Undergrad: 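To start, I am sharing the structure in question, which I have written as structure tokens.
Values in this document were obtained by computation on a predicted structure and should not be read as measured data. Computed from heavy atoms alone, side chains included, the values below leave out hydrogens, waters and symmetry copies. Quick note on labels: first sequence line is chain A, next is B, and so on, each numbered from 1.
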Number of protein chains: 2
Amino acid sequence: MGNMTIGRLGRETSTKVETIRYYEKIGLLPEPRRTAANYRVYTDAHLNLLGFIRRARELGFSIDDIRDLLRLAAHGEAPCDDIDRIAAQHLETTEKKIALLMQLRRELRDTLESCKGGRVAECKVIVALSPEPRGGQTGA
Amino acid sequence: MGNMTIGRLGRETSTKVETIRYYEKIGLLPEPRRTAANYRVYTDAHLNLLGFIRRARELGFSIDDIRDLLRLAAHGEAPCDDIDRIAAQHLETTEKKIALLMQLRRELRDTLESCKGGRVAECKVIVALSPEPRGGQTGA
DNA sequence: TATAAACCCTGTAGCAACTATAGGGTCAAG
DNA sequence: CTTGACCCTATAGTTGCTACAGGGTTTATA
Ligand SMILES: [Zn+2]
Ligand SMILES: [Zn+2]
Ligand SMILES: [Zn+2]
Ligand SMILES: [Zn+2]
């Protein structure tokens, strides 16, 4: 049960075939050997590696992050500081995104709550988006 | 103080010049008139419109959403239901993004807390990303 | 055995929303 | 009259895929 086609590998890892070929093209997944008919033949090593990549992507790591993680993970005897640092930095990025989105959510909620329907001309959504009332004092 | 160059408009709205030209190209911002030397000349109407667009982008509305908002906002006498619906849907999208990111944050935090440093071979970050332990019982 | 479905291949273009560069022309100040 | 700041167009790059187009191969079945 070691060798498999690209379709099988995709099914096992919930990855589209095009995505697997894309990972190969950008050098994230190593090129497998080919059959006489030029079909890719993957091994369990590929399966494990792609599993790792997909899980990291699910957690939001960028492909560059994953490259770094894979490079570092190859040295089992080294200290794991660098790996933990990548994860910590990614956590920080994620926290910043959450904070920003929560602020947007608040603004959207406030706006929607304040608009009780009516004509477009008085719609609070439009008011909230319009530049004039914000940042400007009622001039002179 | 009505007419201005693209650079001035960019400064007033915290928008890069290239972005303004991009908005024009995709038909979001109407083409301004030109000087004899082919320079764009913007009016206060453009300033207001671009302000609206930028504020909507800050709140995470897509450009397609903004197109719809602008189209609807042009009919001041109509009811604002459609506008509010776009905003409500955008709020929902934002909430889903937050929920997803908060789940990722939890996984990243748990992982990082469990790794107290050591060798890469035992790093909990790597373990958390590896496919084997997850989703599979300890086979037979 | 024929043939059709299901799979595989390469290469290219598209998505969102910009950003950056190349290779020019124009305008105001000194 | 030259320097520097500004403007112009057109094109390519960014991120992480996804979707063709236009083929070849393998497998199942009638
Ligand atoms: Zn990251
Ligand atoms: Zn409203
Ligand atoms: Zn939206
Ligand atoms: Zn670690």
Side-chain angles (χ1 to χ4, degrees), chain A residues 3-29 31-42 46 49-50 52-70 89-90 93-94 97 100-101 104, chain B residues 3-29 31-43 46 49-50 52-70 86 89-90 93-94 97 100-101 104:
Chain A
N3 286 359
M4 64 199 101
T5 64
I6 196 170
R8 173 100 191 275
L9 178 63
R11 260 171 267 128
E12 304 263 335
T13 59
S14 311
T15 309
K16 298 206 170 162
V17 164
E18 292 87 352
T19 305
I20 298 174
R21 289 198 280 245
Y22 168 72
Y23 287 161
E24 179 182 317
K25 193 165 68 176
I26 64 172
L28 192 59
L29 196 62
E31 298 186 26
R33 73 174 188 78
R34 303 283 185 123
T35 66
N38 205 31
Y39 282 25
R40 290 171 179 83
V41 181
Y42 291 98
H46 289 102
L49 180 52
L50 184 53
F52 183 99
I53 291 168
R54 295 303 283 179
R55 174 118 186 89
R57 290 291 301 126
E58 274 174 28
L59 284 173
F61 286 98
S62 72
I63 282 180
D64 262 10
D65 280 345
I66 296 173
R67 271 188 226 279
D68 291 345
L69 289 173
L70 288 174
Q89 205 158 60
H90 184 59
T93 301
T94 304
K97 273 187 202 160
L100 179 60
L101 284 175
L104 303 189
Chain B
N3 285 359
M4 64 200 103
T5 63
I6 195 169
R8 173 99 193 276
L9 178 62
R11 259 171 266 127
E12 304 264 335
T13 59
S14 311
T15 309
K16 298 205 170 162
V17 165
E18 292 87 351
T19 304
I20 297 174
R21 288 197 280 245
Y22 168 72
Y23 287 160
E24 178 182 319
K25 194 165 67 175
I26 65 171
L28 192 59
L29 197 63
E31 299 186 25
R33 71 174 189 80
R34 304 281 187 126
T35 66
N38 206 30
Y39 282 26
R40 289 171 179 84
V41 181
Y42 292 98
T43 65
H46 288 102
L49 180 51
L50 184 54
F52 182 99
I53 291 168
R54 294 303 283 178
R55 174 118 186 90
R57 290 291 301 125
E58 275 173 30
L59 284 174
F61 285 98
S62 71
I63 283 181
D64 262 9
D65 280 344
I66 296 173
R67 270 187 226 279
D68 291 344
L69 288 173
L70 289 173
I86 290 173
Q89 205 158 60
H90 186 57
T93 302
T94 304
K97 275 186 201 160
L100 179 60
L101 284 175
L104 302 189

Undergrad: Quick one: list whatever passes side-chain hydrogen bond (donor to acceptor under 3.5 Å, both in side chains) with B/Arg34, sequence neighbours left out.
TA: B/Asn38
Undergrad: List the residues meeting side chain to side chain contact (heavy atoms under 4.5 Å, CB included) with A/Ala37, not counting sequence neighbours, and say none if there are none.
TA: A/Thr35, A/Tyr39
Undergrad: Scan nucleotides 10-23 of chain D nucleotide by nucleotide, 5' to 3', and note B when protein non-hydrogen atoms come under 4.0 Å of the base, S if they reach only the sugar-phosphate, - if neither.
TA: -B----BBBB----
Undergrad: Going by salt bridge (charged side-chain N to carboxylate O under 4.0 Å, His left out), name the residues that satisfy it together with B/Arg57, two or more places apart in sequence or in a different chain.
TA: none
Undergrad: Pick out which of A/Glu12, A/Arg33, A/Met4 makes a side chain to side chain contact (heavy atoms under 4.5 Å, CB included) with A/Tyr42.
TA: A/Met4
Undergrad: Which nucleotide of DNA chain C is the first, and which the last, in the 5' to 3' direction, to come under 4.0 Å of a heavy atom belonging to chain A?
TA: C/dC7 to C/dT12
Undergrad: Please list, pair by pair, any protein nitrogen or oxygen found under 3.5 Å from a nitrogen or oxygen in nucleotides 24-27 of chain D.
TA:
| from | atom 1 | to | atom 2 | distance (Å) |
| --- | --- | --- | --- | --- |
| D/dG24 | N2 | A/Tyr39 | OH | 2.8 |
| D/dT25 | O4' | A/Tyr39 | OH | 3.0 |

Undergrad: So, is B/Arg40 close to the D/dC8 phosphate, meaning a side-chain N or O under 4.0 Å from OP1 or OP2?
TA: yes
Undergrad: If we count only N and O atoms by modelled type, under 3.5 Å, do the side chains of B/His46 and B/Thr43 hold a donor and an acceptor together?
TA: yes
Undergrad: Tell me which donor-acceptor pairs under 3.5 Å the side chains of residues 13-22 of chain B have, and how far apart each pair is, sequence neighbours excluded?
TA:
| from | atom 1 | to | atom 2 | distance (Å) |
| --- | --- | --- | --- | --- |
| B/Thr13 | OG1 | B/Leu9 | O | 2.8 |
| B/Thr13 | OG1 | B/Thr15 | OG1 | 2.8 |
| B/Thr15 | OG1 | B/Thr13 | O | 3.0 |
| B/Thr15 | OG1 | B/Arg54 | NE | 3.1 |

Undergrad: What contact category does A/Ile26 fall into here, base, sugar-phosphate, or nothing, at under 4.0 angstrom with non-hydrogen atoms?
TA: nothing
Undergrad: Once side chain to side chain contact (heavy atoms under 4.5 Å, CB included) is applied, do any residues pair with B/Leu70, and if so which ones, sequence neighbours excluded?
TA: B/Leu28, B/Leu49, B/Phe52, B/Ile53, B/Ile66
Undergrad: Does A/Thr5 have any side chain to side chain contact (heavy atoms under 4.5 Å, CB included) partners at least two apart in sequence or in another chain, and if so, which?
TA: A/Arg8
Undergrad: Considering residues at least two apart in sequence or located in another chain, which fulfil the side-chain hydrogen bond (donor to acceptor under 3.5 Å, both in side chains) criterion with B/Glu58?
TA: none
Undergrad: Which sits closer to the 5' end of DNA chain D, B/Glu24 or B/Arg11, going by the nucleotide each is nearest to?
TA: B/Arg11
Undergrad: Applying salt bridge (charged side-chain N to carboxylate O under 4.0 Å, His left out), name anything that partners A/Arg11, two or more places apart in sequence or on another chain.
TA: none
